[in-house]
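For this chain, numbers begin at 1 and follow the sequence in order. Quick note: numbers below take in every heavy atom, side chains included, and nothing from hydrogens, waters or symmetry partners.
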Amino acid sequence: MTNPLDLPFDTEEMLTGLRPWIETESPTFDGAAVSRMMDVAQHDLAVLGARTERIPSPMGLGDSLRAEMPHPRAGEGGILLLGHMDTVHPLGTLASLPYKREGDICYGPGLMDMKGGNYVYLDALRKLQAAGVETPLPVTVLFTPDEEIGTPATRRLIEEEAKRHKYILVPEPARPDGGAVIGRYAIARFNLQTRGRPSHAGWALSEGRSAIAEMAKAVGTIEGMTTEDCTFSLGVFHAGQWVNCVSSVCDAEVLTMAKTQEQLDAGVEKMMALNSDEGDVIMEIRRGVTRPVWEPDQPGTMAMLKLAQEIGGELGIEITGSSAGGGSDGNFTGFLGLPTLDSIGVRGKGLHTLQEHIYVDSLTERAKLAAGLFCRLTA
């Protein structure tokens, strides 16, 4: 049998194949744009003979894409390749962050998080197929459209699909040291609104009560609750339309991350205690989506890590394993106790910024890791 680590992975070929993925911008809140990205991925999967299925979003976001790779036991539970195709970059980001290579670095919106990892794992399947190598277990691919906003529309789809499989691979970006994630902290989101009293800012300023001013005060209070074990960050702020009007409504969003469920519960309690209907400005806080704690050291996941480390040893790379902040859809599968190996995608820096990039040499490195995992994960 062909050693999957010896397959002829080609960096330039992968960069060429990746380009249309990156130049098809797919911000979460533009459902049509995300669905166009799914069109591109669906085409690549169909070329491989996969049986593909598009699943419309129940919330009006982009489609999900599910594909079963050709296999004598296709349809049975085996390996689930789980990734998202939405990005945080709005349409037009290519103007300031174009897809380009500069030496050992390649730039592009969503290239690191996480289109690069998704593509690399498909390329591994492509090369295995071309070499006539049949994976011991059937492989199913599930690409979703809403991970960057907490997966409100597809959590149930992910969980139900994952329960059918023995192993879940999540090619989110590798950790800074190149390691994998074997557990994740809990994350909760909150929607905040202050409601004040409008007035003309020039003629009757004293008659108004500013919703913006009250929310601004809350920023310091909320972020000041941050500790080493539970963090609070206000990352979205919307208010005002006319500068000559005292604002009557202000909306904001807060992200809370904690290392344990108990710490998250305490953080949620602190946030909800800020609700207030007293005084001239009302503060209303509503709980948003939550990613549960994925506890590390689960036997199935640790066995997958050990296998990845053995493959890494053959490739001359070290793959560590640890818990991490920053949620992913691995939170859901890990929380269910399903063997899950996360952050096994490309290496890079600057995700969610206008400097997002990957290290080009990680493309073939991670493709070989992927091929090894596909071939050595058995029943």
Side-chain angles (χ1 to χ4, degrees), residues 27-31 33 59-61 86-93 95-97 109 146-153 185-258 263-291 325-327 351-355:
T28 312
F29 292 111
D30 190 325
M59 294 178 60
L61 299 168
D86 59 316
T87 79
V88 300
H89 301 284
L91 290 181
T93 299
S96 50
L97 179 59
D146 60 343
E147 190 272 349
E148 295 293 2
I149 59 171
T151 321
Y185 305 158
I187 291 180
R189 297 176 183 231
F190 301 88
N191 298 298
L192 286 60
Q193 186 176 82
T194 49
R195 296 190 291 274
R197 182 191 307 159
S199 71
H200 191 291
W203 283 6
L205 179 62
S206 63
E207 295 179 10
R209 297 293 181 270
S210 171
I212 291 177
E214 191 66 24
M215 188 68 79
K217 293 177 186 177
V219 175
T221 299
I222 291 168
E223 297 198 343
M225 297 190 301
T226 291
T227 66
E228 184 179 336
D229 297 320
C230 187
T231 61
F232 298 83
S233 174
L234 193 150
V236 176
F237 198 108
H238 294 298
Q241 188 173 13
W242 308 99
V243 72
N244 57 350
C245 295
V246 172
S247 62
S248 57
V249 177
C250 180
D251 293 295
E253 294 178 38
V254 168
L255 185 77
T256 299
M257 184 174 67
Q263 290 163 350
L264 184 72
D265 291 342
V268 169
E269 187 175 344
K270 288 180 181 178
M271 279 297 303
M272 300 307 291
L274 297 177
N275 271 293
S276 174
D277 58 4
E278 298 178 357
D280 294 328
V281 181
I282 292 171
M283 167 72 82
E284 181 183 10
I285 299 174
R286 291 175 287 114
R287 179 85 176 269
V289 293
T290 299
R291 292 192 187 277
L351 71 168
H352 292 196
T353 76
L354 292 179
Q355 294 297 314

### Pair Phe190-Arg286, side-chain contact (heavy atoms from CB on, under 4.5 Å): steps then yes or no
CA-CA 6 Å; Phe190 301 88; Arg286 291 175 287 114; over 6 Å; no

Specify the closest pair of heavy atoms between [X] and [Y], including all atoms of both residues, with the distance to one decimal.
{"X": "Ala258", "Y": "Leu264", "answer": "CB-N, 3.4 Å"}
{"X": "Thr28", "Y": "Asp86", "answer": "OG1-OD2, 2.7 Å"}
{"X": "Leu97", "Y": "Leu354", "answer": "CD1-O, 3.3 Å"}
{"X": "Gly196", "Y": "Ala211", "answer": "N-CB, 3.9 Å"}
{"X": "His89", "Y": "Thr353", "answer": "CE1-O, 3.2 Å"}
{"X": "Ser199", "Y": "Ala204", "answer": "OG-O, 3.0 Å"}

Please tell me if the side chains of [X] and [Y] come closer than 4.5 Å, counting only heavy atoms from C-beta onward.
{"X": "Val254", "Y": "Leu192", "value": "yes"}
{"X": "Ile222", "Y": "Met271", "value": "yes"}
{"X": "Asp280", "Y": "Glu214", "value": "no"}

Would you compute the distance between atom [atom1] of [X] and atom [atom2] of [Y] and round it to the nearest 0.5 angstrom?
{"X": "Thr231", "Y": "Gln263", "atom1": "OG1", "atom2": "CD", "result": "10.5 Å"}
{"X": "Leu205", "Y": "Cys245", "atom1": "CG", "atom2": "SG", "result": "11.5 Å"}
{"X": "Leu274", "Y": "Glu269", "atom1": "CG", "atom2": "CD", "result": "11.5 Å"}
{"X": "Ile285", "Y": "Gln193", "atom1": "CD1", "atom2": "CD", "result": "11.5 Å"}
{"X": "Leu61", "Y": "Ile149", "atom1": "CG", "atom2": "CD1", "result": "5.0 Å"}
{"X": "Thr221", "Y": "Phe232", "atom1": "OG1", "atom2": "CZ", "result": "12.0 Å"}

### Task
Output, in order, the C-alpha distance, side-chain angles, deciding distance and verdict of side-chain contact (heavy atoms from CB on, under 4.5 Å) for Thr151 and Arg291.
CA-CA 9 Å; Thr151 321; Arg291 292 192 187 277; 2.9 Å; yes

### Message
For Glu207, I'd like to know if atom CD has over 12 heavy atoms of other residues, nucleotides or ligands within 6.0 Å.
### Response
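Counting other residues, nucleotides and ligands, CD of Glu207 stays at 12 neighbours or fewer.
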
### Query
Which is it for Glu253 and Arg189 under the salt bridge (Lys or Arg N to Asp or Glu O under 4.0 Å) test, yes or no, and what are the steps along the way?
CA-CA 7 Å; Glu253 294 178 38; Arg189 297 176 183 231; 5.0 Å; no

### Task
Answer yes or no: is there a donor N or O on one side and an acceptor on the other, between the side chain of Ser210 and the main chain of Ile212, under 3.5 Å?
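Side chain of Ser210 to backbone of Ile212: a pair is present.
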
### Task
Assess whether side-chain contact (heavy atoms from CB on, under 4.5 Å) is satisfied between Asn191 and Asp251, documenting all intermediate values.
CA-CA 7 Å; Asn191 298 298; Asp251 293 295; over 6 Å; no

